[in-house]
Amino acid sequence: MWRVILRFSLNGDTGSKVRNALEPKLTSVGITNESKTGTWESTTCLPDPATKTLYEVLQILSAPDEIVTGCRLDHFWLYIDQKP
């Protein structure tokens, strides 16, 4: 199992469309946004599904303006380790 902490910030995400597109992908592998900030966390991610999902998230964050014109990634932080 992995512990995953992911934080990202988007500029110009009108109506939170990009964030809302990412939410079902992240929650499907147990990565949730309980703090209601840009921080998403899980302590029980399985490596294979988490890797696939994080790849999909990075694809969306690399071109957020395909969802919302003018949207851009401000920052992206990712921390992964073995479940303590």
Side-chain angles (χ1 to χ4, degrees):
M1 295 287 218
W2 281 355
R3 174 175 57 174
V4 175
I5 302 171
L6 168 67
R7 180 171 175 81
F8 61 89
S9 176
L10 297 162
N11 295 324
D13 186 17
T14 307
S16 298
K17 291 179 184 174
V18 176
R19 182 232 179 258
N20 292 340
L22 296 173
E23 182 176 19
K25 292 180 181 303
L26 292 167
T27 58
S28 73
V29 293
I31 303 172
T32 60
N33 181 243
E34 300 299 323
S35 65
K36 303 302 178 207
T37 66
T39 304
W40 297 73
E41 299 182 51
S42 177
T43 57
T44 57
C45 281
L46 294 171
D48 289 341
T51 300
K52 180 181 177 204
T53 295
L54 291 169
Y55 175 76
E56 293 169 359
V57 165
L58 283 170
Q59 286 182 307
I60 292 170
L61 290 176
S62 71
D65 58 335
E66 291 180 5
I67 296 173
V68 176
T69 302
C71 183
R72 66 180 180 81
L73 179 64
D74 179 57
H75 69 267
F76 175 85
W77 301 332
L78 176 62
Y79 176 85
I80 300 172
D81 68 4
Q82 295 266 335
K83 184 178 176 185

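Just so you know, these numbers use all the heavy atoms, side chains as well, and skip hydrogens, waters and symmetry mates. Just so we're clear, the structure is a prediction, and the values are computed from it rather than from any experiment.
For the pair Asp13 and Arg19, the tightest heavy-atom approach, listed with the atom from each and the gap, is OD2-N, 3.1 Å. Across all their heavy atoms, Pro24 and Asn20 have their closest contact at CD-O, 3.1 Å. The nearest pair of heavy atoms linking Gly38 to Asn33 is C-ND2, 4.3 Å.
No continuous path of ILVMFWY side-chain contacts below 4.5 Å connects Leu26 to Trp77, so the two sit in separate hydrophobic clusters. Note on Val29 and Leu46: separate hydrophobic clusters, where clusters join Ile, Leu, Val, Met, Phe, Trp and Tyr whose side-chain heavy atoms are under 4.5 Å apart, directly or indirectly. With hydrophobic clusters built from ILVMFWY side chains whose heavy atoms lie under 4.5 angstrom apart, Val57 does not share a cluster with Ile5. In the hydrophobic cluster analysis, where Ile, Leu, Val, Met, Phe, Trp and Tyr join through side-chain heavy atoms closer than 4.5 angstrom, Trp40 is grouped together with Leu78. Residues Met1 and Leu54 fall into different hydrophobic clusters, defined by Ile, Leu, Val, Met, Phe, Trp and Tyr side chains chained together at heavy-atom separations under 4.5 Å.
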Does the pair Leu22 and Phe8 meet the rule for a side-chain contact (heavy atoms from CB on, under 4.5 Å), with working shown? CA-CA 11 Å; Leu22 296 173; Phe8 61 89; 3.6 Å; yes
**Request:** Let me see the working for Thr51 and Trp2 under side-chain contact (heavy atoms from CB on, under 4.5 Å), right down to the final yes or no.
**Result:** CA-CA 10 Å; Thr51 300; Trp2 281 355; 3.3 Å; yes
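Side-chain contact annotation: Thr39 with Arg7, donor-acceptor N/O pair under 3.5 Å present.
Interatomic distance, Ser42 OG to Leu6 CG, rounded to the nearest 0.5 Å: 11.0 Å. With rounding to the nearest 0.5 Å, the separation of OG1 in Thr32 from CD in Glu41 is 7.5 Å.
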Show me the side-chain donor-acceptor pairs of residues 64-73 shorter than 3.5 Å, one per line, residues at least two apart or across chains.
none

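In terms of modelled atom types and a separation under 3.5 Å, the side chain of Asp48 and the main chain of Lys52 share no donor-acceptor contact. Although no hydrogens or angles enter the test, the distance criterion places no donor-acceptor pair under 3.5 Å between the side chain of Ser9 and the main chain of Asp74. At least one donor-acceptor pair under 3.5 Å links the side chain of Ser28 to the backbone N or O of Lys25.
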